[in-house]
Each structure stands twice: as structure tokens, then as C-alpha cells.
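What follows is a single structure, written as C-alpha cells, with notes after it.
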Amino acid sequence: MGQNVIEDVFAKDVFNDSVMRERLPKPIYKKLKKIMAEGQDLDMEVANAVAHAMKEWALERGATHYTHWFQPMTGITAEKHDSFIQPAGEGGVMLEFSGKELVKGEPDASSFPNGGIRDTCEARGYTAWDCTSPAFLKEDAAGVILCIPTAFCSYTGEALDKKTPLLRSMEAISAQAVRVLKALGNETVKEVSCSVGPEQEYFLVDREKYLQREDLIFTGRTLFGAMPPKGQEMDDHYFGTLKEKIAAYMKELNEELWKLGILAKTQHNEVAPAQHELAPIYATANIATDHNQLVMEVMKKVAKRHDMECLLHEKPFAGVNGSGKHDNWSLVTDDGQNLLEPGKTPHENMQFLLFLAAVIRAVDENAGLLRLSASNPGNDHRLGANEAPPAIISIYLGEQLQDVVDQLIATGEATSSKTGEKLHTGVSTLPDFMKDATDRNRTSPFAFTGNKFEFRMVASSLSIAGPNTILNTIVADVLSDFADQLEKAENAKDAAHDLIKKTLTDHQRVIFNGNGYSDGWVKEAEKRGLPNMKTMVDAVPEIVSEKTVEMFERLGVMNRVELEARAEIDYETYAKAINIEAKTMVEMAGKKFIPAIIAYVTDLAASINEIKAACEGVNVEVQTDLLKEASDLLAQAQKAQNALKRSIAEGAKKTDVAEQAKFFKDVVKADMDALRTPIDALEPIVGKEYWPVPCYADLLFEV
Ligand code: ADP
Ligand code: MG
């Protein structure tokens with residue numbers, strides 16, 4: 001037993017490096033480490049030995065099944081359990097798990113979204129172990145399951161999942177970053193990995209109340225609901241003291257995550273009532289992605305144990321801040337340097353500024369792609385809606401770094417800093433860009449925060465595989481161009497210097513340190529020629545533009561078929577999500593709200609008659625006005641419900657996915673708003689005992 005609960009439980013359920021070192025024969029362990037480091041294929045001898053050790057370890061922990069745990073394009077994880085059981089003759093059984101079963105699985109691919117890949121390829125899909133992400137145990141009502149993180153591909157090798165492109169993008173950025181570093185004179189660097197720390201926001205609501213709302217159950221957000229008298233205006237929730245019930249939840253959540261080797265670090269209340277955040281310590285991108293998927297899953301599971309429901313939707317409540325995910329991203333060399341950390345020597349400063357310039361150019365050249373990578377139907381309620389970052393992509397550098405950039409653009413040299421220190425790129429050192437509290441701009445979608453970039457637009461429920469695949473690829477693309485130029489140059493340092501100046505000059509339009517929520521910025525961004533894509537659907541074409549296809553194919557991250565599949569799935573996902581929301585609204589209006597309102601107006605009318613009968617000439621103006629108002633709104637609601645039904649039916653007839661998504665965005669969504677408006681207006685009029693669902697105040701303030 002350790003000193004502390006963290007030591008006792010940390011990574012207890014993970015087949016990690018220390019378990020492997022302890023349990024694998026030395027030569028096998030060494031071979032495996034080499035394979036992991038060099039990204040080679042696993043040979044059968046190693047696979048069999050690892051499978052055996054993994055099985056023994058899992059059995060000791062009570063596991064009965066194993067699964068290839070993968071991340072299909074649904075954005076959630078998938079698993080199919082196989083027991084370790086094998087017939088052993090004479091009616092007996094043995095528990096078996098071979099190297100072949102470890103490295104490769106064959107789930108039926110036909111029921112996962114494939115965006116048309118299946119038409120061109122075979123229905124069969126393969127899962128292959130990502131041996132750089134450790135296996136782990138999942139324990140729940142199904143017993144103990146050994147989970148093996150895997151990539152999921154078609155028979156012909158097309159990626160059918162989120163992990164494969166991510167792994168390829170990590171290789172691409174590593175190769176190009178290494179070229180740049182070598183050209184700058186680094187002889188030892190072999191690999192550059194991308195580190196990712198995702199901050200996860202979420203809501204917790206009472207489960208009993210959640211279960212009374214079909215909208216929450218089917219869509220994850222409220223489709224009706226008037227604002228309570230109190231929202232978040234008092235700013236009394238952010239970093240507020242945790243309620244006992246929430247604290248107990250967070251304690252269990254942390255322990256469950258620690259068992260899985262997830263470095264859950266920070267927790268606090270967020271801006272909105274009932275909203276919270278959890279941040280882990282960063283990890284390599286693929287592991288951070290696996291972990292974030294597990295974080296979301298465990299958040300939901302633990303909430304149920306505490307009679308609560310965890311909402312990961314981007315906008316569960318209209319008028320109240322929604323949830324996002326801040327994807328903190330940086331590049332780290334195998335010799336331990338963070339490439340986005342301003343340096344201590346002139347050489348490191350130049351290296352830092354070169355990588356900074358690469359990111360700035362990549363973001364400017366691929367703003368639409370980045371916008372898409374952070375999008376899902378839910379995030380459309382946030383981006384550009386005055387709370388989350390705006391839909392316009394820009395970069396925040398902060399005052400101090402901006403000053404350095406300005407000097408570089410103006411003179412090619414930065415000779416001073418705001419803190420008064422010398423900072424010639426070629427002569428002296430840059431000051432430390434300390435992450436300080438004032439250096440915060442919550443309105444920027446892409447902010448430099450001292451030693452990393454923080455991509456703040458990402459949707460809270462989205463897999464971070466996509467955003468990081470895009471980020472890695474677009475930065476790899478610029479680095480590959482930089483490397484071409486540096487490798488050719490007679491003097492690489494001079495060339496790097498010129499590249500920094502030229503890149504910053506050419507792409508300064510994407511830098512913006514002001515208030516991203518202001519209307520002024522929208523106009524200014526337009527003047528600068530920055531794209532402003534209001535919705536996810538507007539951004540989908542970015543992933544199949546000729547420029548994107550050429551870049552992704554050249555860098556070996558995805559081919560045209562894979563990219564087209566993703567565009568198709570994006571359209572499909574969008575149309576399906578809105579369709580479900582619209583149908584849920586029709587159902588709730590028809591079965592719950594309209595009957596409740598009818599009951600209310602009928603009772604009101606009866607009471608007016610009763611009062612009149614009891615006392616002739618009595619004043620019943622108030623009741624009569626209420627009756628009129630409620631009846632008018634009721635008629636409006638009924639009309640809007642019919643219109644929505646018609647547009648759902650029309651949307652279903654569209655055969656082209658892009659056209660269908662556009663129809664749902666432009667027509668169905670407007671009809672949904674038209675139905676919500678009268679019903680939300682009725683909520684404060686109709687008596688509480690008539691209202692058929694828990695209201696915002698019940699959900700937000702009564703956990
Ligand atoms: P804040 O809320 O101030 O943005 P947090 O501490 O909540 O900061 O989250 C910062 C996140 O950034 C953490 O997940 C942290 O691990 C991550 N992070 C820190 N350094 C790096 C880095 N070099 N690369 C990637 N992520 C990082
Ligand atoms: Mg943050």
C-alpha cells in the first residue's frame with residue numbers, strides 16, 4: 001500500500017511499461033520497446049509473448065473477456081467482447097489469448113459509418129493494436145474486460161476510424177519537424193511527438209429530472225425551456241466551493257481515472273451553474289485521445305452512480321454558457337525540448353520563433369479546415385454565439401510576444417522586450433513567456449499560452465483525434481516547406497531568420513489580440529480576408545478541397561477516398577442530429593406541452609365561467625387576458641408543430657447528403673425555433689403544476 005490513495009490506485013488497471021518490464025522476458029521486453037520506438041511491425045514471437053503476459057495479468061485481475069477497443073467515425077468508442085474461453089477436449093475449457101488475437105481483430109465493418117468507403121472496398125474491417133497506447137481493464141456490470149487500443153481499417157487499408165489518421169499525422173509532423181531541426185544543426189534528434197492536454201467541460205444534472213425530459217435523453221440538450229430568473233450573471237459559480245454531492249462525484253471520478261492511468265489533475269466549477277471542468281496532465285496525442293474518450297465515458301458512468309447525469313453536449317441549455325474542450329497542443333523532441341517554449345539561448349530563440357511562425361502560417365492557410373475540425377452540430381450553438389470563441393479563426397499571442405513579432409516584421413530583429421530584457425534573436429535571449437494570469441484572452445479560438453497553443457474552439461463531446469490530426473498535418477505541411485528551404489540554403493541560420501520574418505509578415509493578418517466577441521472584430525476580420533464560416537455545414541467542403549487533398553496525400557495522412565468519406569459522414573451526422581432533434585420536438589410538443597397547455601386553458605376557462613356564475617359582473621379581466629394570451633400562443637405552437645412535421649418529411653426525401661444537411665440547417669432549424677418560441681413563452685404563464693417537464697431552474701440549481 002502506498003502513502004496515499006493516488007499511489008494506491010494509480011494505473012492499477014493499466015498494462016503499462018512497468019508491468020511489461022516486470023512480466024515479459026527481458027529480450028522480448030527489449031524488442032517490444034524497440035518496435036514501439038521505431039514504429040515497426042510486431043513479429044509473432046513478440047506478439048505471442050506479450051499476449052500471454054497480458055492474459056495472465058488480466059486473468060489475475062478477474063478478466064473474462066478481451067476486446068479490441070477502437071474509435072470508429074461515430075466519434076465514440078466501440079468494443080466487441082470475446083471471452084478467453086477455448087474448448088480443451090472432454091468438455092473442458094482453457095483460457096487462451098494468442099499473439100494473433102492481440103495484434104489483429106476482424107469486427108464487421110458494415111454497421112459503422114464509412115462514408116461510402118464500403119462501396120469501393122470490402123465490408124470487412126480490421127482492428128490492429130496501437131502498441132504505443134497501453135492496454136487497460138474496464139470493470140463494470142459486464143465484469144472485467146481487457147481492452148486493447150486499436151486502429152480500425154478496411155480490408156484495403158483505408159482508415160475507418162479516428163485513430164489511424166491521427167497516428168499517421170503524428171508520423172508526418174515528426175518527420176518534417178526532425179528535418180527542420182536537422183537543418184538547424186541538431187544532429188541527435190530522432191523523433192518529435194505532439195503533446196496534448198484536453199480540458200473537458202461538462203454539466204451534471206439530477207438523474208430523476210433528466211429522465212423526465214425526452215430532449216435530454218435523445219439529444220443531450222434541452223430543446224425547450226425558458227430562462228430562470230437567475231442564470232450565470234452573478235458569476236458565483238466559477239471556481240466556487242464544490243457542493244458536497246459534486247465533490248463526492250469528483251472524488252470517485254478521479255479515482256476511476258487514476259486507475260486507468262489517466263493523470264486527472266485539475267477540477268473546478270465552471271461559469272454556468274451545474275457546469276464543471278476536468279483537466280488532465282498532457283500526454284502524447286494518441287494516448288491523450290484514448291484518455292479523453294475514457295474520461296467522457298467514465299464521467300457518464302460515475303454520474304449515474306451518484307444519481308446524476310453528465311451532459312457533454314456543447315449547449316445543453318439555451319442562454320446559459322455551453323461546454324467546450326480546450327485542446328492544448330505542443331511539440332516535444334525525443335531529447336526533451338518543447339519546441340514552443342521560448343528558449344534560453346539565441347539558437348533556441350530562433351528555433352522557437354521558426355516553429356511559432358510555422359504554426360501561424362499553418363493556421364492562416366487552413367483556417368476553414370481547423371474550423372471544421374472543431375465542429376459538430378452542437379458546437380454551432382456556441383461558435384460565434386457570443387460565449388465561445390467566434391467562428392473566425394485567429395491567433396492570440398499576448399502583448400509581450402506580439403511586441404517581439406512586431407519588431408521582427410518591422411526590422412528583422414527584435415532588440416528589446418516589454419520587460420526590458422535584451423532579446424536579439426541572433427544575439428541575446430528571449431524573455432520567459434510566463435503563463436501569467438493577465439495573459440488570458442478567453443475570446444480567442446487559438447491562443448499561445450506560454451509554451452503551447454490552446455485550441456479553444458473544440459466541441460465538448462467531440463473526439464480530439466480530428467482536431468489534432470488536422471493541426472499536426474497543417475503544421476507538418478509548413479514545416480516540410482521550411483525544411484526544403486533550409487536544406488537548400490548555404491547558411492541555414494540566415495535562411496531561418498529570413499523565413500521567420502517573411503512568414504510573420506505574410507501571415508500577420510491571422511493574429512488578433514483584441515476582443516473576439518465584438519462586432520468590430522467581425523468587420524475587421526472581413527477586411528483582413530479571414531473566413532467566417534457560421535456553421536459546420538459551411539465548413540465541410542474544406543476537407544475535400546483540392547488543396548486539402550493534395551496536402552493530406554503528399555504527407556501520407558489520408559487519401560482522397562478517406563477524405564471524401566469524412567465529408568460525407570459530416571453531412572450525414574449533421575442531418576441526422578438535427579432530424580432527431582426536430583422529431584423529438586414534435587413528439588414533446590404533441591404528447592406533453594400542447595396537452596398540458598390545453599388542460600391549463602380549459603381549467604382557466606372553467607374558472608372564469610364559475611366565477612361569473614358565482615357573482616355577476618365580477619371583474620375577470622386578468623383571467624380572460626391570460627386565457628387569450630395562452631390560447632394565442634397555443635395556436636402558434638400548433639401551427640409551428642405542423643410546419644416542422646412537414647419540413648422533417650421534406651428533409652427525409654433529399655438524397656444528396658450535402659443538400660440534405662443544408663436543408664436541415666436552413667429550413668428545419670428555423671422551424672424548430674418557431675416551435676420553441678411560443679412554448680417557451682407559455683412556460684412562465686402556465687401554472688407550474690401543469691408544466692409537464694422539469695424546468696431550467698430545477699435542472700440547473702437543484703443538484
Ligand atoms: P488553463 O485552465 O489555465 O488553460 P489548465 O491547467 O486547466 O490551464 O490546463 C492546461 C492544460 O494544458 C493541461 O491539460 C496541461 O497538461 C496542458 N499542457 C501544459 N503544457 C503542455 C504542453 N507542453 N503541451 C500540451 N499540453 C500542455
Ligand atoms: Mg484553458
Side-chain angles (χ1 to χ4, degrees), residues 166 169-170 173-174 177 191-202 237-240 242 250 253-254 257-258 260-272 275-296 299 321 323-344 348 351-352 355-356 358-359 374 388-389 395-398 401 432-458 460 464-465 467-472 475 516:
L166 175 66
S169 76
M170 289 164 66
I173 197 162
S174 175
E191 203 197 332
V192 170
S193 68
C194 96
S195 57
V196 170
E199 300 161 51
Q200 178 73 49
E201 291 182 333
Y202 61 99
H237 193 255
Y238 191 55
F239 284 18
L242 299 176
M250 287 182 175
L253 174 63
N254 282 330
L257 295 175
W258 291 333
L260 291 165
I262 296 171
L263 294 152
K265 173 83 176 159
T266 318
Q267 61 194 26
H268 60 79
N269 283 349
E270 257 302 330
V271 174
Q275 191 186 30
H276 314 280
E277 178 183 299
L278 179 141
I281 295 174
Y282 64 91
T284 310
N286 62 324
I287 294 173
T289 302
D290 288 357
H291 282 179
N292 183 248
Q293 295 297 120
L294 287 170
V295 164
M296 293 193 285
M299 277 180 167
N321 260 20
S323 298
K325 189 135 59 187
H326 291 177
D327 190 72
N328 294 274
W329 178 93
S330 189
L331 294 171
V332 189
T333 64
D334 56 348
D335 54 11
Q337 304 175 61
N338 178 349
L339 296 172
L340 291 177
E341 177 98 51
K344 299 262 182 276
E348 284 171 359
Q351 182 180 296
F352 161 71
F355 279 89
L356 180 82
V359 176
I395 297 180
Y396 171 80
L397 292 181
L401 189 51
D432 282 340
F433 289 102
M434 291 306 292
K435 234 179 80 151
D436 65 74
T438 56
D439 203 26
R440 287 300 151 111
N441 180 331
R442 302 183 119 257
T443 69
S444 177
F446 205 90
F448 181 73
T449 49
N451 61 355
K452 62 186 189 299
F453 275 99
E454 189 170 344
F455 187 20
R456 298 219 178 98
M457 274 175 120
V458 181
S460 53
I464 55 169
N468 288 300
T469 301
I470 300 289
L471 253 176
N472 291 344
V475 177

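All ligand and atom numbering here is 1-based and tracks the order in the structure.
Each of the following atoms of ligand 1 lies closer than 4.0 Å to a heavy atom of E454: 4 (O). Ligand 1 places these atoms under 4.0 Å from at least one heavy atom of S330: 22 (C), 23 (N), 24 (N). Heavy-atom proximity to I281, at under 4.0 Å, picks out these atoms of ligand 1: 16 (O).
Nearest heavy-atom pair across F352 and L340 is CE1-O, 3.4 Å. Of all non-hydrogen atoms in L331 and V192, the two that sit nearest each other are CB-CG1, 4.0 Å.
When non-hydrogen atoms are compared, ligand 1 lies under 4.0 Å from neither the backbone nor the side chain of K265. The proximity of N338 to ligand 1, defined as any non-hydrogen pair under 4.0 Å, is limited to the side chain.
Between L294 atom CG and I287 atom CD1 the span is 12.0 Å, to the nearest 0.5 Å. Taking OG from S330 and CG from L339, the interatomic distance works out to 7.0 Å, rounded to the nearest 0.5 Å. A distance of 3.5 Å separates CE of M296 from NZ of K325, quoted to the nearest 0.5 Å.
Using 4.0 Å as the threshold, E341 has no heavy atom nearer than that to any atom of ligand 1. Under a 4.0 angstrom heavy-atom cut-off, H326 registers as lying outside contact with ligand 1.
For the 3.5 Å distance criterion, the side chains of E270 and N321 fail to qualify, holding no donor opposite an acceptor.
In summary, of the residues considered (V196, L257, I262), a side-chain contact (heavy atoms from CB on, under 4.5 Å) with H291 occurs for I262 alone.
Between N328 and ligand 1, an N or O atom pair is found at a separation short of 3.5 Å.
In this comparison of P280, S195, A283, A279, the heavy atom closest to atom 25 (C) of ligand 1 sits on S195.
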